[in-house]
Amino acid sequence: MATQANNQELQEQVSALRKDFGDITETLKSLTSDYAKQGQARVKQSAEQAQKHAQQTITHAQQEVEARPYTSMAVAFGVGVVIGKLLDR
């Protein structure tokens with residue numbers, strides 16, 4: 001009779017452990033999901049900032065080219081010559 005009581009108690013403890021492991025698994029899934037969402041939000045925000053900065057840089061460059069077209073052509077020509085010389089080697 002004591003053995004049956006011990007077996008019953010052991011089965012209850014095993015069931016409790018299974019439930020606890022299930023709860024831990026769910027908690028870990030939730031934490032991982034939250035962490036992933038935060039990471040995605042940070043990456044998205046960084047990408048938006050980079051895109052905005054790139055657009056501002058392009059706009060500024062276009063304004064400079066429009067303000068000084070001959071200087072811009074001379075710089076572009078010079079850069080082309082330098083790159084051409086570097087690639088000839």
Side-chain angles (χ1 to χ4, degrees):
M1 187 125 171
T3 305
Q4 287 181 350
N6 287 340
N7 284 341
Q8 182 66 25
E9 184 179 330
L10 186 59
Q11 287 177 354
E12 290 172 1
Q13 289 177 357
V14 169
S15 295
L17 281 173
R18 284 182 183 158
K19 183 185 178 304
D20 289 344
F21 280 126
D23 292 344
I24 290 170
T25 302
E26 289 301 317
T27 301
L28 287 174
K29 283 181 185 178
S30 175
L31 289 173
T32 304
S33 176
D34 291 344
Y35 184 73
K37 287 178 185 176
Q38 290 173 357
Q40 287 175 341
R42 284 193 301 263
V43 168
K44 184 177 180 181
Q45 182 181 13
S46 295
E48 288 173 354
Q49 288 176 348
Q51 185 178 17
K52 187 180 289 186
H53 181 69
Q55 186 61 41
Q56 289 173 348
T57 302
I58 290 170
T59 301
H60 180 69
Q62 287 175 339
Q63 291 171 349
E64 287 296 318
V65 168
E66 289 173 2
R68 298 175 187 89
Y70 295 116
T71 305
S72 300
M73 285 190 314
V75 168
F77 177 76
V79 169
V81 168
V82 170
I83 291 174
K85 289 293 183 181
L86 290 173
L87 292 177
D88 278 344
R89 291 183 181 189

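It should be emphasised that the depicted structure is a prediction, and the values quoted were computed from it without experimental measurement. Because only heavy atoms are used, hydrogens play no part in the values below, and waters and symmetry mates are left out as well, while side chains stay in.
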Listed by chain and number, what are the side-chain contact (heavy atoms from CB on, under 4.5 Å) partners of Gln11, not counting sequence neighbours? Gln8

Which residues pass the salt bridge (Lys or Arg N to Asp or Glu O under 4.0 Å) test with Lys29, not counting sequence neighbours? Glu26

Provide the full list of side-chain hydrogen bond (donor to acceptor under 3.5 Å, both in side chains) pairs with a residue in residues 57-84, sequence neighbours left out, each pair given once. Glu64-Arg68

List, by chain and number, the other hydrophobic cluster members for Phe77, where Ile, Leu, Val, Met, Phe, Trp and Tyr join if side-chain heavy atoms come within less than 4.5 Å, directly or indirectly. Val81

Any chance you could measure Leu17, atom CG, to Leu10, atom CG, to the nearest 0.5 Å? 9.5 Å

Looking at residues at least two apart in the chain, or sitting in another chain, which of them share a side-chain contact (heavy atoms from CB on, under 4.5 Å) with Gln56? Lys52, His53

Can you name the residues that form a side-chain contact (heavy atoms from CB on, under 4.5 Å) with Ile83, not counting sequence neighbours? Val79, Leu87

To the nearest 0.5 angstrom, please state how far the OG1 atom of Thr27 sits from the CG atom of Asp20. 10.5 Å

Residue pairs, two or more places apart or on separate chains, that pass salt bridge (Lys or Arg N to Asp or Glu O under 4.0 Å) and touch residues 6-19: Lys19-Asp23

Could you work out, with side-chain contact (heavy atoms from CB on, under 4.5 Å) as the rule, every residue matching Lys37, not counting sequence neighbours? Ser33

